[in-house]
**Q** 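Got a structure for you, questions after.
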Amino acid sequence: MKFTAIVAAFAAQAAAVSVSGAAEGFAKGVTGGGSATAVYPSTTDELVSYLGDSEARVIVLTKTFDFTNTEGTTTATGCAPWGTASGCQLAINQNDWCSNYESSAPSVSVTYDNAGTLGITVASDKTLIGSGSSGVIKGKGLRIVSGASNIIIQNIAITDINAKYVWGGDAITINDSDMVWIDHVTTARIGRQHIVLGTESSGRVTLSNNYIDGRTSYSATCDGYHYWGIYLDGSSDLVTLKGNYIYHTSGRSPKVQGNTLLHAVNNYWYDNSGHAFEIGSGGYVLAEGNVFQNIDTPVESPIDGQLFTSPSTSANTVCSSYLGRVCQVNGFGSSGSFSQSDTGFLSNFSGKNIASATAYTSVASSVVANAGQGKL
Ligand SMILES: *[C@@H]1O[C@H](CO)[C@@H](O)[C@H](O)[C@H]1NC(C)=O
Ligand SMILES: *[C@@H]1O[C@H](CO)[C@@H](O)[C@H](O)[C@H]1NC(C)=O
């Protein structure tokens, strides 16, 4: 090889293993595995080991890691809360859920892949990145839990986790953690939540440029639209949701509660057959510069938390005192109404790292072009 070719080859390798950009918003400053020498797992066992050990690591995925059948399957009695038509999700009887909550639902036999039901543990100080569009984790999700902090996950896809079954598994779980950045991740065909933040504090989290692909053959609403999108529960959680493409869902997109401050900015919601936001007690949501296209119900009633929908240029000047700038209005096309102007919680933004916002007018095209895996 000529020297210039060697240099070019090294440059390509270096480009593939480094994090692109930096987190904006609440998780600003997250470094993940930092400058650790990159490792390239070749088996599912190696991937699990790198993610869960106590070394700071940069882990690069260059292929699909398929966990399907790695832990066997289970056949058991579950239930059919939404009926047994072929497009409806069925439920695994996890923790007696069927007996406790769906006792009138018909019993059905369920057969699911065990690997999907519990994600891979991700320990502190990890960067997990995909090379180009080749980094895929199939059949198992990721769990950032039990005090884990300083984690970057960028440019991968997580797919095919028991999509037929509620309780079949979540793609990304964050619960009892701090400083987590999930960026340019695609999630598709998932049994339960695409992203879930549990009841423990998840600390500072930035979810940016992700593609929540809700197209499914098995839906809790029996219509090809996935119900279990993003669930942000917590206890003093700070979540920046920016530049995400939230497509073809029918509920929980997101559900927010439990003393969670959510800054939803410049996201694109497109084609939802139910509701986008569901805001429970303790959910504090500032939504600005987003686009809602073909969203019948941008927010479900009643709203038990608080919501500021950035209703007008004049009303949005209130943001200046807390965010240091005015808020951006949201854009709507063939969508239901979205108007609530709670301002009491805006003081929670004071002194925090706050994501920037652009006018909604360019959001739909830029999000479609940039969100998800393989777009860096
Ligand atoms: C979060 O952690 C709490 C306490 O361990 C647990 O009860 C809850 O089920 C967890 N949530 C998720 C989504 O893992
Ligand atoms: C919001 O501010 C109140 C009052 O300071 C505080 O009790 C609460 O924990 C804050 N919540 C979040 C999610 O930051």
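Throughout, residue positions are numbered sequentially from 1 according to the sequence presented. Atoms within a ligand are numbered from 1 in the order they appear, just like the ligands themselves.
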**Q** Let me know which of D271, T216, N272, T249 forms a side-chain hydrogen bond (donor to acceptor under 3.5 Å, both in side chains) with Y225.
**A** D271
**Q** Give me the one residue out of T240, D178, D237, N353 that meets side-chain hydrogen bond (donor to acceptor under 3.5 Å, both in side chains) with R204.
**A** D178
**Q** Verify, without hydrogens or angle tests, whether N150 (side chain) and M179 (backbone) share a donor-acceptor contact under 3.5 angstrom.
**A** no
**Q** At less than 3.5 Å, what protein N or O atoms come close to the N or O atoms of ligand 2? Include the distances to 0.1 Å.
**A**
| residue | atom | partner | partner atom | Å |
| --- | --- | --- | --- | --- |
| ligand 2 | 2 (O) | N348 | OD1 | 3.0 |
| ligand 2 | 2 (O) | N348 | ND2 | 2.5 |
| ligand 2 | 9 (O) | N259 | ND2 | 3.1 |
| ligand 2 | 11 (N) | N259 | OD1 | 2.8 |
| ligand 2 | 11 (N) | N348 | ND2 | 2.8 |
| ligand 2 | 14 (O) | N348 | ND2 | 2.9 |

**Q** Looking at F26, does the NZ or CZ of K28 lie under 6.0 angstrom from its six-membered ring centre and within 45 degrees of the ring axis?
**A** no
**Q** Report yes if some N/O of T199 lies less than 3.5 Å from some N/O of ligand 1; otherwise report no.
**A**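 Such a contact does not occur with ligand 1.
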**Q** Within the side chain of S219, is there an N or O that forms a donor-acceptor pair under 3.5 Å with the backbone of T221?
**A**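 Such a contact is found between S219 side chain and T221 backbone.
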**Q** Does this structure show an ion pair linking D160 with R189, if we count only N-O contacts that are shorter than 4.0 Å?
**A** yes
